[in-house]
Amino acid sequence: MRFSKLFGKTLRQAPAGAESISHRLLLRSGMIAQIAAGIYSYLPLGWRVLRKIESIIREEIDKAGGQELMLPVLQPFELWQQSGRDVSFGQSLFTLTDRKEHKLVLGPTHEEVITELAHRYVQSYRDLPLLLYQIQTKFRDEPRPRGGLLRVREFIMKDLYSFDVDEAGLDESYEKMSQTYKNIYARLGLPALIVEADSGAIGGKESHEFMVITETGEDEVIYCSNCGYAANAEKAQSAKARIEDVIASRSPEQSEGAAKQFLPLEEIATPRCKTIEEVASFLGVSTNQTFKAVFYSADGEFVFVVIRGDLEVNETKLRNTLKCSELRLATEGEVSEAGIVAGFASPIGIKDVKIVADDSITLGANFIAGANKAGYHFKNANYPRDFQVDLIGDIALAHPGDNCPKCGSMLSSARGIEVGHIFKLGTFISEKMEAFFLDQEGVSKPIVMGSDGIGLGRLLAAIVEQSHDDKGIIWPLSIAPYQVYLCPLYLDNTEVAPLAENVYQELGKTGVEVLFDDRDESPGIKFNDADLLGIPLRLTLSPRTLKSQSIEVKWRAKKETQLWPLENVAAEVNRLLRKKLASQGCAQFLM
RNA sequence: CGGGGUGUGGCGCAGUGGCUAGCGCGCAUGGUUUGGGACCAUGAGGUCGGAGGUUCGAAUCCUCUCACCCCGACCA
């Protein structure tokens, strides 16, 4: 490709509003252009990168036995009503109405459509297992698009659906996809960390996300560098320390029976102490000796949440525990309407309110709790002696510094970009969509499904976030828009121009992808553009190199340059690139 | 949806009631240059996001509205 003919311009300054590194660099290098919030065009360079990413994904999935197909973007709204996800997806669904006043959905994902297909074509256990996938545009009306390609409303995604006869089959498909994803990231030169993820309210027993650790990531990953435990903060657990009650510790001989340690409930005045910190410091205890009360509205129902004072509520876990879809903090009005004295509340004596507790309330004894009366708290509150709860489980947020749930070491946290998600769906959707098969005994069973996704644009952005310097992008060879940046200087020189042209032609013949900077620009502009575009290998030809009948060779990622003989340079470069690609497990050339 | 911010040539910005709306980059033409974003000359390009209002006069003041960005909420 001749640079002079290339559509798209490099920009010296990034458009205002582009803040993340990938957004700035992709705009400046002319790879993408924004048309509206969260909606982008791919220009020729960016599109070449995307297509290379796509073909790597396709190759790896095909290798794992996936069959590619193409599902429609336009989907009948009824299909979504059937699965019930018209509600759970809610506002994020793009909907439209056709001329017959028929409601349609712009597909944000394709479980419904694919399961409808499975319903039609899968009748027997002999038809299973199946791995079906597509690479196609998805639409989600995100509340807030951000970060350039990192979070958008229209995006290209590889979505794969697995169909198995049972959980064991699902586990196998899941493991296969997990390995396939690892292969894909390896070929993309992207260090992706696999972490445990929340599987949402619609069931599904297991889910993992692949994260690229970087500052601009939207997700928080909690991990243990000792044993390798890693999870999305939404899902992460931590070992909650048992708090030995002060009094109990004075009488170790009683410690065998927890109930024996329970001291009588006692009301104490705590004037003006509304927060946990105020109460704890007023009474001279640490926050982990207290109960904290937090109030939510879950699908419209008022919920009283109790958790130990040193911990915080993880709303994702709470949502899953409650099996609700809409969850928000209750308003002051709703709290007082429920007859609760904010700041002095506890479940003790509270009636007709749904109470959810974190299991931390059992890890200790004789806590401080609200007396449900302004200005007073209880001493020696104990569960279940003093109150009952409707639900109890782990609903606490894990923090860096907490202990690892697996090995007890200290947990750390980092920010990450989610570049892939594998998900054991189970039978939730197949039951709703009536995708059943007959097993060997002739018994009708729902197909056990999995669903795995990779957002290609986000992947591209994550690679830039992860591989750049202050000059620009540094593309891995496997996905660079071009492999070689041929950079002749002084094109008006009678020797340089024809030799450069010749090298360009020869490289092309060997199948090397070349961006030929045939523009009459100064060296500074050419070098800076080469760096900005991030083409892996730069070949510079100038009167200076011609003095020794040579050409300068430089890797984008490295500082040093070397001079190669001009003779046979095309064959040598071709050999070098193929060797490098092969060492990365990728011998694919995009012609 | 809550909080904050920005809309002025392709991009970045200046311009707080008064002449024909400026500057840098980019673009076009000609010339001199050029190993890390050169220089000179000439030139093209703008209903100042939109609507309404105040005023002799509005990019500038007022009202409404739209778009975009950031933080939060949200994100099977």
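The sequence lines fix the lettering, A, B, ..., with proteins before strands; numbering per chain opens at 1.
Using a 4.0 Å heavy-atom distance criterion, A:Asp492 is classed as a base contact.
Comparing B:rG35, B:rC13, B:rA73 by their closest approach to the side chain of A:Thr540 singles out B:rG35. Comparing B:rG12, B:rC68, B:rG35 by their nearest atom to the side chain of A:Ala36 picks out B:rC68.
Mapping A:Gln34 and A:Ile525 onto RNA chain B by nearest heavy atom places A:Ile525 closer to the 5' end of the strand. Mapping A:Gly148 and A:Arg328 onto RNA chain B by nearest heavy atom places A:Gly148 at the nucleotide closer to the 5' end.
A cation-pi geometry, defined here as NZ or CZ lying under 6.0 Å from the six-membered ring centre and within 45° of its normal, holds between A:Arg48 and A:Tyr482. A cation-pi contact, defined as under 6.0 Å to the ring centre and within 45° of the axis, links A:Lys424 to A:Tyr174. A:Arg519 forms a cation-pi arrangement with A:Phe3, by the criterion of a distance under 6.0 Å to the ring centre and an angle within 45° of the ring axis.
Close to B:rA38, at under 4.0 Å from its OP1 or OP2, lies a side-chain N or O of A:Ser522. Proximity of A:Arg144 to the phosphate of B:rA73: no side-chain N or O atom is located under 4.0 Å from OP1 or OP2. Here A:Arg319 reaches the OP1 or OP2 of B:rC75: one of its side-chain N or O atoms lies under 4.0 Å away. Regarding contacts with the backbone of B:rC11, every side-chain N or O of A:Arg12 stays at 4.0 angstrom or more from both OP1 and OP2.
In this structure, CZ of A:Phe89 is placed 7 Å from P of B:rA76, rounded to the nearest angstrom.
Not a single donor-acceptor pair, N or O on each side, falls under 3.5 Å between the base of B:rG10 and the side chain of A:Gln13.
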